[in-house]
Amino acid sequence: MTNLWLSEWKTMTRQRSYYLFLILWVLVFSLLFLLERNNAGLSSFTNVTGTIVNILLYLLPLFMLIIGSFSITNEMESGQWQLLCTYPVSIPAYLFGKFAGLMTAQSAVFTLSFGISMVVGNLSGIKLSLPWLLGIYLFSLLLIYVFLILGLFLGTAAKTRWKALMASVAAWFFLIMIWPTALIAILGLFPYPMIDPLMKVAMLLNPAEFLRFFLIIQWDSGAIFGASYDAVVHLFQSGAGWIILIGYMMVYLLILFSLSILFLKRRRFL
């Protein structure tokens, strides 16, 4: 697994697109921080915070889905997967090695760009709160985590890069772009008393939505979700909130990796 992790890390860092992501995130965060240079400082959920969260939700999931799915389908199309099947490498080790390499590479480039943007912000005289910065940073890393896993799963299910691209864009479009509209349309089919519990179930089904709820609640801004989410707000603000987050991430990883292993086992003998 270590060799796979190092191989994936080297492959990612040798690509030009990897450094384009660095430039992209530096520009995005620097410009957003500069928007608030005349304000008292960033320390809670403000308009600029909402803008940053929305931009991260629009960009990070799409990039991670495509990168994750292509990392699998590229090897399927080039014949590297068939070659790996001749080595004594288990499928779980293959998947975890790939995921560890991708997660390390993407976290590194995002961390570097975020740090550079912080320096630009401080040099511009912007007062940046450490808890606020850590909240944005953690939110971003968790988005990278969940959508890389989903991208790897889509890659194991797709047979070609074209199908992987279509599946990635479709998943991003549904989970990010039209999720509120789709949710309203589907919940309209159910009796009114069932809408409230179903909305909470829907929050768990969409990892981006779950993370958005968790982040905003940690900034003491859970009131924007309305009275129907008071129980969720109190739960996430309690000591059990972080335990729930860790448990959710582990269950998410276990479910998608289990499905990915099943798909790869079927393809191993084709």
Side-chain angles (χ1 to χ4, degrees), residues 1 4-5 8 56-57 60-73 75-76 81 89-107 138-159 163-180 182-183 186-187 197-215 217 232 235-236 240-270:
M1 189 175 75
L4 288 168
W5 168 64
E8 198 66 34
L56 290 172
L57 282 171
L60 270 179
L62 179 61
F63 291 157
M64 296 306 109
L65 285 169
I66 293 175
I67 290 170
S69 61
F70 273 30
S71 70
I72 299 289
T73 52
E75 295 189 351
M76 295 289 181
W81 165 249
V89 179
S90 66
I91 292 178
Y94 169 77
L95 278 175
F96 276 101
K98 270 204 161 297
F99 171 68
L102 289 170
M103 186 69 193
T104 303
Q106 296 304 321
S107 299
L138 177 63
F139 176 69
S140 304
L141 290 187
L142 290 176
L143 280 179
I144 293 172
Y145 170 88
V146 297
F147 283 98
L148 271 180
I149 295 172
L150 182 56
L152 288 171
F153 166 69
L154 295 176
T156 61
K159 294 182 179 179
K163 290 182 179 179
L165 176 62
M166 295 301 294
S168 299
V169 173
W172 169 78
F173 189 73
F174 179 73
L175 293 175
I176 304 299
M177 299 301 293
I178 66 166
W179 179 259
L183 193 61
I186 294 173
L187 291 178
L198 287 176
M199 287 180 65
K200 295 180 176 63
V201 172
M203 178 188 68
L204 296 175
L205 294 178
N206 188 341
E209 198 71 4
F210 179 87
L211 292 175
R212 185 176 70 89
F213 269 76
F214 186 85
L215 175 71
I217 289 172
V232 177
L235 182 62
F236 281 3
W242 291 100
I243 298 175
I244 293 172
L245 176 66
I246 295 171
Y248 181 87
M249 294 294 108
M250 293 178 64
V251 171
Y252 180 85
L253 174 70
L254 180 62
I255 292 174
L256 286 186
F257 264 37
S258 298
L259 293 174
S260 300
I261 290 170
L262 290 176
F263 277 111
L264 286 179
K265 282 184 176 179
R266 291 181 58 186
R267 301 184 71 168
R268 191 168 197 168
F269 300 104
L270 292 178

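Small disclaimer: the values here were computed from a predicted structure and weren't measured. Computed from heavy atoms alone, side chains included, the values below leave out hydrogens, waters and symmetry copies. All residue numbers in this chain count up from 1 along the given sequence.
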Quiz item: Could you give the distance from CG (L143) to CG (L215), rounded to the nearest 0.5 Å?
Solution: 9.0 Å
Quiz item: Is there a side chain to side chain contact (heavy atoms under 4.5 Å, CB included) between L245 and L211 once you walk through the steps?
Solution: CA-CA 8 Å; L245 176 66; L211 292 175; 3.9 Å; yes
Quiz item: Would a 4.5 Å heavy-atom cut-off, applied to side chains only, mark E75 and Y94 as touching?
Solution: yes
Quiz prompt | Those residues that, when tested against S69, pass side chain to side chain donor-acceptor pair (under 3.5 Å) (two or more places apart) | solution = S168
Self-check item: CZ on F99 to OG on S71, rounded to 0.5 Å
Solution: 11.0 Å
Exercise. Please round to the nearest 0.5 Å and tell me the distance separating atom CG of L235 and atom CD1 of I243.
Key: 10.0 Å
Quiz item: Can you check side chain to side chain contact (heavy atoms under 4.5 Å, CB included) on M76 and K159, steps first, answer last?
Solution: CA-CA 7 Å; M76 295 289 181; K159 294 182 179 179; over 6 Å; no
Quiz item: L141 versus Q106: any side-chain heavy-atom pair under 4.5 Å?
Solution: no
Quiz item: Where do L60 and I144 come nearest, in terms of heavy atoms and distance?
Solution: CD2-CG1, 3.8 Å
Quiz prompt | Validation row: W172, F63 side chains within 4.5 angstrom (heavy atoms) | solution = no
Exercise. Could you check whether the rings of Y145 and Y252 sit parallel, tilted or perpendicular, using 30° and 60° as the cut-offs?
Key: tilted
Self-check item: Closest non-hydrogen atom pair, A202 against W179
Solution: O-CZ2, 3.3 Å
Practice problem: Would you confirm whether S107, through its side chain, and T104, through its main-chain N or O, come within 3.5 Å as a donor-acceptor pair? | Solution: no
Exercise. Report the C-alpha separation of L205 and V201 in whole Å, then their side-chain angles, then the decisive distance to 0.1 Å, and conclude whether the side chain to side chain contact (heavy atoms under 4.5 Å, CB included) test is met.
Key: CA-CA 6 Å; L205 294 178; V201 172; 4.3 Å; yes
Self-check item: Distance (rounded to the nearest 0.5 Å) between I186 CD1 and L198 CG
Solution: 10.0 Å
Self-check item: Passing candidate, ring pair (Phe, Tyr, Trp, His ring centres under 6.0 Å) with F236, options F214, Y248, W242, F213
Solution: F214
Practice problem: Check whether any side-chain heavy atom of F147 lies under 4.5 Å from a side-chain heavy atom of L142, and answer yes or no. | Solution: no
Quiz item: Of all heavy-atom pairs between A167 and L154, which one has the smallest distance, and what is that distance?
Solution: O-CD1, 3.9 Å
Quiz prompt | Nearest atoms (heavy-atom pairs only) where G155 meets T73 | solution = O-CG2, 3.5 Å
Self-check item: Within 6.0 angstrom of K200 NZ, more than 12 heavy atoms from elsewhere
Solution: yes
Quiz item: In Å and rounded to the nearest 0.5 Å, what is the CG to CZ distance from N206 to R212?
Solution: 9.0 Å
Quiz item: Rounded to the nearest 0.5 Å, what separation is found between the CG atom of L95 and the CG atom of L253?
Solution: 10.0 Å
Exercise. Report the C-alpha separation of L256 and L152 in whole Å, then their side-chain angles, then the decisive distance to 0.1 Å, and conclude whether the side chain to side chain contact (heavy atoms under 4.5 Å, CB included) test is met.
Key: CA-CA 9 Å; L256 286 186; L152 288 171; over 6 Å; no
